[in-house]
> 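I am attaching a structure below and will ask some questions about it afterwards.
The analysis underlying the following values was restricted to heavy atoms, covering all of them including side chains, and did not include hydrogens, waters or symmetry mates. Convention: sequence-line order gives letters A, B, ...; per-chain numbering from 1.
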There are 2 protein chains.
Amino acid sequence: MAAAQRQNGRSRPGRRATISDVSNALGLTKSTVSRALNDYPDIAETTRARVKRMAQKLGYRPLATAQSIRTGRVRAIGFIIELAEHDAHRPFMAEFLAGMSRSASAEGWTLTVAASSTPEETLEIISKLQMESKADGFIIPRTLIDDERITRLRNDYIPFVTFGRTNSDEETVWYDIAGEEAMRSAVLHLHDLGHDRIAFVNGGSKYKYSELRREGYIQGLTDAGLDIDHSLIFEECLSEEDGRAAAQSILAADNPPTAFVYALDRAALGLYPLAKELDLTIGEHLSVISYDGVPEGAAVEPPLSTYAVDIARAGERLGALLIRHLRDDEAKDLHELEQATFLDRGSAGAPALTSAQLSAHLRGLGPKGAFSNGRNST
Amino acid sequence: MAAAQRQNGRSRPGRRATISDVSNALGLTKSTVSRALNDYPDIAETTRARVKRMAQKLGYRPLATAQSIRTGRVRAIGFIIELAEHDAHRPFMAEFLAGMSRSASAEGWTLTVAASSTPEETLEIISKLQMESKADGFIIPRTLIDDERITRLRNDYIPFVTFGRTNSDEETVWYDIAGEEAMRSAVLHLHDLGHDRIAFVNGGSKYKYSELRREGYIQGLTDAGLDIDHSLIFEECLSEEDGRAAAQSILAADNPPTAFVYALDRAALGLYPLAKELDLTIGEHLSVISYDGVPEGAAVEPPLSTYAVDIARAGERLGALLIRHLRDDEAKDLHELEQATFLDRGSAGAPALTSAQLSAHLRGLGPKGAFSNGRNST
DNA sequence: ATCAAAGCCGAAACCGGTTTCGGCAACCAA
DNA sequence: TTGGTTGCCGAAACCGGTTTCGGCTTTGAT
């Protein structure tokens, strides 16, 4: 019998049940209970069942911190907020965190977050959190085309999953939205509406998603049988001001586009005030399709047609993937790619003007109201 | 000598230093090292110094999870994201988290976050996190006037600090911004500019801050020697649409106000499109001062004058207060109240119209451009 | 010189788990 | 029968710390 292990069996009512409470209640030892709960093969099936039932009855849940000192695992996923990142990314933060937290707590895990100001600090924090057993693995958002973080994490054998693909995808667990496919079908959609000259305003060129979306745009042009005109491509547009400036510059050239594809809603919103100044109606004289699905896009007039991303779901999937990766040594190559959902809200319509007519209007610096009586006849 | 405790002294190079590494290096026992580092009084000053120096040299940092199994503390502060909250609060999330995380990591603590959909779930999660030793105390944002969370947390002896005051402030640790003072001086500022009729558009009435801001507004009127007209007060305005509707309703009545004080920037932004429709220029025909300091307020024309809140700092102070509260049993009554900083950006100016003139204009449903030639002479 | 009170540190128990090791009993084949 | 597996569980070490307890020195007062 296990009399030696019976000493601490006074179960104070308010206290949480420990493994000893379970073992004492059953006349077994801690070790048997532990192995039963962790599905060791050397425990009889009937015993395992008894143990699990009793654990359930007593409301026993192993103390993660106690486990961790032996196992090195705390059942926590780590996430670093980089404040240096562009403001445009911040509004998503709450939902993203919520998503991660949901999948974590569904598995009995938790989420440890920290803040950092620079990419270097991020890496320092990550290894510190890992050393201190505050997190078992990390979720890395906004992958870069050439992401130093990833090589370093891999070198240090720190488990992680990324939101977004990278150029070194071997043996990496990632989740991503197929932004390239969204851009491609945006182009095709605009072409179907009758647009022949379609501009592309991209996001920050260091991000992998920008590369992919540009490729998607190019592919869309190719699929539509349209020429690729590099003067219609603008990069590095993250903010509303960027997006506005890009459009202004593109429209000032010869042969202006009648439609825009933006890689980011935030930048696309910059087109609205510009259009108003130029006395152009979005959805008629200028069409635009964008990407992200920010709430502000629904508030402008006409509402911005966009490919919406479910950021909470992304966080949730990433959390689930990380946990799976951490539990299962074999899960070294998990990938999930999902499609954005198109919200056709009215900012993309048949072109009311040809490129030439548009050009004439812009050059003429036409007085207010030039088109206010309706569409131009072609 | 402590030969019995020497068994695990093989310091693998890559491994983190343990307390045994330190004790072995010094020829002391674990217990002495532990007490020295934790400033027990029964350790000689010279020994304490030696121990601390060696710990420093070896880069020893106690493993929080190992400590926690004895002490019950993990050096983590908990924070719950409530998604049910109004969208208006979300953009702040990243900065708020960053602030909390900063003060936490400054003290060697970390931040554990979880998501919840309802207030009830929030409380469940809190006690779960506490039971599982995932967090030692919690930061509770957006206090309500009568906040059930607080009574329950207090009943369960779960340590916490609040962002915002409540009606049961005895023995509570809180941090807050003096929104009432901001509202008061907003009224006085507008009165100094020449406004006599000043409306107030408040936020959600369940929140404590709304009560305070309303009181501040009233106090401002009193200090300015103005009458209190309850028809100029509107409650429950959280969104841009709410803010717009409130202003529309208030302006439709007799004796319309020439100035507005908004409790929330987000709602105040609703005044802009309304003013445009009514052909009124903000900063001239209508003045407005608001509160929060959201980035969008700087982008509108004219930029929104507002009392800005440093939300990152709030998070930082709250984290620091919570840690102090947790470390020191005596720290049961900490309070910090700070002032918002006024950003005078142009949406508040001398009234170009009297209330009567404004009323006449509004009733006349005047054609566009009625005031476009400049200010009215009075 | 003597004795009690500090001062200081080692020994060991403890926290709540996990994991290794070994032994007993039952089973199975020879 | 006998001997070797196999199945199943207890005993004990262990993880990295904290905390209680007690004992040996010093110190200080008498």
> Could you check whether Thr122(B) and Glu82(B), counting side-chain N and O atoms only, form a donor-acceptor pair closer than 3.5 Å?
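Indeed, the side chains of Glu82(B) and Thr122(B) share at least one donor-acceptor pair under 3.5 Å.
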> Rounded to whole Å, please give me the gap between CG in Leu58(A) and P in dG16(C).
15 Å
> Quick one: what's the B/S/- string for nucleotides 17-22 of chain D, heavy-atom cutoff under 4.0 Å, read 5' to 3'?
BBBBB-
> In whole Å, I'd like the distance from the CZ atom of Arg48(B) to the C1' atom of dG7(C).
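Interatomic distance, CZ of Arg48(B) to C1' of dG7(C): 12 Å.
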> How large an angle, rounded to 10°, do the end axes of the helix from dA1(C)-dT30(D) to dA30(C)-dT1(D) enclose when each is built from five base pairs?
50°
> Do Thr29(A) and Thr32(A) meet the criterion of a side-chain donor-acceptor pair at a distance under 3.5 Å?
yes
> May I ask you to check whether Arg154(B) and Thr172(B) show a side-chain donor-acceptor distance below 3.5 Å?
yes
> May I have the distance from Met131(A) (atom CE) to dG16(D) (atom C1'), rounded to whole angstrom?
14 Å
> Using side-chain contact (heavy atoms from CB on, under 4.5 Å), reason through Met100(A) and Ile139(A) one step at a time and then give a plain yes or no.
CA-CA 9 Å; Met100(A) 292 186 289; Ile139(A) 291 178; 3.4 Å; yes
> Rounded off to whole Å, could you give me the CD1-to-P distance for the Ile69(B) and dC14(D) pair?
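The answer, rounded to whole Å, is 16 Å.
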> Please give me the minimum heavy-atom distance between Leu334(B) and His325(B), naming the atom from each residue.
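Distance-wise, the nearest heavy atoms are CD1-N, 4.5 Å.
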> For Arg50(A) and dC9(D), give me the distance from atom CZ to atom C1', rounded to whole Å.
12 Å
> What residue pairs, at least two apart or across chains, pass salt bridge (charged side-chain N to carboxylate O under 4.0 Å, His left out) with a residue in residues 31-49 of chain B?
Arg35(B)-Asp42(B), Asp39(B)-Arg48(B), Asp39(B)-Lys52(B), Glu45(B)-Arg48(B)
> Which atom names give the shortest non-hydrogen contact between Arg16(A) and Pro62(A), and what distance separates them?
NH2-C, 3.8 Å
> What nucleic acid atoms does Thr47(B) come within less than 4.0 Å of, heavy atoms only: base, sugar-phosphate, or nothing?
sugar-phosphate
> Once you round to the nearest 0.5 Å, how far does OG of Ser101(B) lie from CD of Glu95(B)?
13.5 Å
